[in-house]
Amino acid sequence: MKSKNNEIAALEKLIQKYQASYYNGEAEISDGEFDLLWDELKKIAPDSEVLKKVGTGFDVDGFPKAKHLIPMGSQEKASNPQEFLAWVKKQIAKIDEINASLTDKKKQLTKIFIVQFKMDGASLELQYEKGILIRAVTRGDGITGDDITPNARRMSGVVQKMNVSFTGGVRGEVIMTHDIWESKYPAKANCRNAANGIMRRKDGEGCENLHLIVYDASAMDDDQFFKDELQKIDWLKKRGFVTSESQSFTAPEDIIAYREKIAKTRDQLPFDIDGLVVKDNETDMSDLRKARPEKQIAFKFELETAFSFLREVIWSENGATYTPVGIIDPVRLAGTTVKRASLNNPDMIRAMELKIGSAVSVVKRGEIIPKIEGLAPNKDISSDETTEIIFPQKCSICNSTLLDAGTRLYCPNPECPKRLLHRLEKWVSVLNIRELGEKLLLQLFEKGIKQIHQLYTIKAEDLAEYDRMGEKSAIKVIRHIQTKRELTLAQFIAGFDFEGIAETTMDKVAGAGFDTLEKLQEASVSDLSAVFGLGEITAKIIADGLKECAKEIKEVLKTKVISIADPPSEETQPLRGISFCFTGELKTMKRGAAEEKIKALGAQAKSAVVKGLSYLVTNDTTSGSSKNKKAKELGIPIIDEDQFIKLIQSAPQKNDKLVQGELF
């Protein structure tokens with residue numbers, strides 16, 4: 001729990017830091033690196049409040065605020081051809097269905113995609129009234145931004161008066177060319193940083209050095225103004241705008257080839273781009289208004305590779321596992337200085353034939369910490385001296401001999417204090433026992449609570465003697481520990497902290513038929529490794545963990561406080577596949593109790609309004625809160641507490657209607 005919480009907190013802090021620097025014109029990292037941080041936080045903490053903000057709180061003070069005509073949401077991203085092709089498959093599904101029903105091949109439909117450069121600058125919306133520029137608004141939080149109209153008027157590419165009477169918005173990217181940056185602003189980290197800072201200067205100085213390249217437009221109160229994206233680009237050119245490079249394609253393979261071509265030649269462009277934007281040629285204003293439009297995607301370039309020298313290897317300790325991290329000579333990678341890089345595991349070190357002093361290639365491929373992928377292309381390059389990498393031999397806590405299993409180096413001692421404490425932390429995290437914080441758990445551990453089942457033997461009178469506790473607090477903690485919980489098999493096993501085995505992994509195992517504790521304990525490594533996407537290494541970790549914790553599993557179940565739910569079925573979990581988000585106070589129960597009720601019925605409790613949410617529950621259904629607005633925007637039903645209670649009470653009989661949101 002501690003490790004994951006620390007990782008989440010560190011990610012949130014970094015994202016907020018880099019958002020602040022970006023929106024204040026001094027971005028410290030590239031879009032690509034920021035995307036990696038964002039995606040990692042989304043993966044490990046999808047409900048984080050930080051992910052709900054585009055730039056709220058980071059606009060520069062001193063400019064008036066203004067709303068966008070159409071929300072400037074974020075784009076879906078694909079970082080490799082596989083992710084891009086998965087998106088394409090969704091886009092052409094309907095056309096494939098129509099074509100399959102047509103006997104005349106000449107009448108079959110073809111999907112046209114428009115591909116544009118994804119410029120690495122700062123987004124800006126120009127707002128026009130009857131052809132006259134009245135406002136220029138920065139991206140801000142996606143809904144509201146800074147009105148920097150005086151500065152925008154000084155930029156090249158900003159059309160002050162159109163040759164037609166047009167009311168609506170034009171979107172573009174404010175960029176600085178390489179030659180301007182090199183000659184006038186070399187102190188800035190890159191062109192994007194320089195452009196961001198200058199466009200927000202209160203005195204407007206330097207804005208004449210900026211250029212606006214446009215890529216989109218929308219007419220107020222006329223969703224049919226533009227028939228398609230190609231016609232839109234042509235219209236913008238005729239109005240005097242400089243437009244983004246645009247190409248049309250019908251074959252996704254050709255788009256992938258085009259991306260490879262542009263990636264190799266982008267250094268020859270006068271400005272920076274960090275990928276391509278791929279759009280459906282058919283203009284769809286309803287999609288454009290979504291927080292994350294579905295009919296366009298950012299097809300990012302692969303991040304660059306940097307070369308450095310490995311100077312030291314330190315071993316990060318997480319629970320029982322020791323993970324190698326390389327310390328390298330500082331090197332610039334995608335706009336930032338990198339000094340540490342992951343080495344993954346012992347086998348990776350051996351496979352790469354790494355030594356201290358080796359010249360190494362460093363990349364970022366979806367991880368927060370850059371990775372050492374191997375030796376530099378010329379393996380003969382090295383520093384003056386190279387020495388072997390020393391692996392730790394003994395556990396830093398219990399002094400047991402570490403076990404080198406190739407894919408991981410770990411302490412095999414089941415009684416290792418560090419390992420036992422980590423397991424307690426994981427259990428508390430999985431069960432979400434909020435009153436049992438890290439400091440209190442550490443005190444309990446030091447007092448002799450080493451095993452999970454021992455948590456259920458603690459008495460309130462004993463706990464009351466602990467630091468900053470008191471009788472009332474102690475009773476509250478014990479009440480929460482002793483609250484009876486029926487866990488899914490996946491939750492139960494995840495709580496025992498088998499190395500690297502998350503609840504999602506165990507859900508996959510249970511879904512493959514190992515859906516009871518008995519079946520799971522009887523399964524061999526071979527049986528488990530046959531589960532799709534699992535693999536032999538993960539299967540062995542699960543099998544070994546079950547054997548090691550067999551006695552403790554029995555002891556926990558003996559407490560009668562914890563039980564394992566029967567395998568889910570439509571009868572026992574009628575709300576399976578349904579999700580709820582609660583906001584505001586409930587009258588008849590606490591939010592935690594409501595969440596427990598729906599979980600018992602198979603539903604999910606989410607802390608944020610996201611795409612795919614089934615219901616938002618609030619006693620103020622007409623409020624203008626952000627959650628209510630988001631739910632309306634996504635078409636998610638908003639229900640009050642009475643409707644919610646009616647829904648869960650009728651769940652066994654009306655699950656088919658619940659799934660379709662038809663009950664109300």
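Only a predicted model underlies this, so the values are computations on that prediction, with no experimental measurement involved. Atoms considered below: every heavy atom in the structure, side chains included; atoms not considered: hydrogens, waters and symmetry mates. FYI, the numbering just counts along the sequence from 1.
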As an exercise, state the distance from [atom1] of [X] to [atom2] of [Y], rounded to the nearest 0.5 Å.
X    : Y    : atom1 : atom2 : result
L455 : L441 : CG    : CG    : 6.5 Å
K90  : I297 : NZ    : CD1   : 8.5 Å
C549 : D544 : SG    : CG    : 10.5 Å
D274 : D120 : CG    : CG    : 4.5 Å
L354 : I372 : CG    : CD1   : 6.0 Å
K426 : D497 : NZ    : CG    : 5.0 Å

| request: Show your reasoning for whether side chain to side chain contact (heavy atoms under 4.5 Å, CB included) applies to L487 and L431. | output: CA-CA 8 Å; L487 307 179; L431 269 67; 3.7 Å; yes
Evaluate the side-chain proximity of [Y] to [X]: yes if any heavy-atom separation is below 4.5 Å, no if none is.
X    : Y    : result
M506 : L489 : no
T538 : L528 : no
R340 : I328 : no
I493 : L517 : yes
I501 : F496 : no
L343 : V325 : no
Q454 : T457 : yes
V525 : I542 : no

At their closest point, which heavy atom of [X] faces which heavy atom of [Y], and how far apart are they?
X    : Y    : result
E373 : V363 : CG-CG2, 3.2 Å
A539 : S529 : CB-N, 3.5 Å
L444 : L463 : CD2-CD1, 3.8 Å
L440 : L436 : CD2-CD1, 3.7 Å
L557 : S563 : CD2-CA, 4.3 Å
P392 : L402 : O-CD1, 3.6 Å

Output yes when a side-chain donor or acceptor of [X] lies under 3.5 Å from a complementary backbone atom of [Y], and no otherwise.
X    : Y    : value
S614 : S579 : yes
S342 : N344 : yes
Q491 : T488 : yes
E552 : H453 : yes
E536 : S526 : no
T321 : Y410 : no

Quick one: list whatever passes salt bridge (Lys or Arg N to Asp or Glu O under 4.0 Å) with [X], sequence neighbours left out.
X    : answer
R485 : none
K450 : none
R408 : none
E83  : none

Sequence neighbours left out, what passes side-chain contact (heavy atoms from CB on, under 4.5 Å) with [X]? Give chain and number order.
X    : result
K447 : Y466
T387 : I356
A594 : F582, L586, M589, F644
E415 : N413, L420, Q451

For residues 471-481, run the donor-acceptor check on the side chains, cut-off 3.5 Å, and write out each pair with its distance to 0.1 Å, sequence neighbours left out.
from: S473; atom 1: OG; to: M469; atom 2: O; distance (Å): 3.2
from: H480; atom 1: ND1; to: E435; atom 2: OE1; distance (Å): 3.3

| query | Salt bridge or not for E555 and K558, using N-O below 4.0 Å? | reply |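 Between K558 and E555 there is a salt bridge, with a charged N closer than 4.0 Å to a carboxylate O.
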| task | Flag the pair E548 and R419 as a salt bridge only when some basic side-chain nitrogen lies within less than 4.0 angstrom of an acidic carboxylate oxygen. | result | yes
| task | Examine the side chains of Q393 and T401 and answer whether a donor and an acceptor come within less than 3.5 Å of each other. | result |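 Checked: Q393/T401 side chains show no N/O donor-acceptor pair below 3.5 Å.
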| NZ (K418) with more than 12 external heavy atoms under 6.0 Å | yes
| message | List the residues meeting ring-ring contact (aromatic ring centres under 6.0 Å, His included) with F514, not counting sequence neighbours, and say none if there are none. | response | none
| Under the ring-ring contact (aromatic ring centres under 6.0 Å, His included) test, which residues partner F391, sequence neighbours left out? |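 F391 satisfies ring-ring contact (aromatic ring centres under 6.0 Å, His included) with W315 once adjacent residues are dropped.
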| request: Evaluate side chain to side chain contact (heavy atoms under 4.5 Å, CB included) for V556 paired with W427, printing each intermediate quantity in order. | output: CA-CA 11 Å; V556 171; W427 182 261; 4.0 Å; yes
| request: Can you label the angle between the F84 ring and the F299 ring as parallel, tilted or perpendicular, going by 30° and 60°? | output: parallel
| request: Evaluate the side chain to side chain contact (heavy atoms under 4.5 Å, CB included) criterion for residues F445 and L424: first the C-alpha distance (whole Å), next the side-chain angles of each, then the deciding distance (0.1 Å), finally the verdict. | output: CA-CA 9 Å; F445 188 79; L424 288 176; 3.7 Å; yes
Counting only pairs under 3.5 Å, give me each side-chain donor-acceptor contact of residues 345-352, with atom names and distances, residues two or more places apart or in other chains.
from: N345; atom 1: OD1; to: D347; atom 2: N; distance (Å): 3.1
from: N345; atom 1: OD1; to: M348; atom 2: N; distance (Å): 2.9
from: D347; atom 1: OD1; to: R350; atom 2: NH2; distance (Å): 3.1
from: R350; atom 1: NH1; to: D404; atom 2: OD2; distance (Å): 3.0
from: R350; atom 1: NH2; to: D404; atom 2: OD1; distance (Å): 3.2
from: R350; atom 1: NH2; to: D404; atom 2: OD2; distance (Å): 3.3

| query | What do the steps show when you test S400 against C416 for side chain to side chain contact (heavy atoms under 4.5 Å, CB included), and what is the final call? | reply | CA-CA 8 Å; S400 296; C416 176; 5.9 Å; no
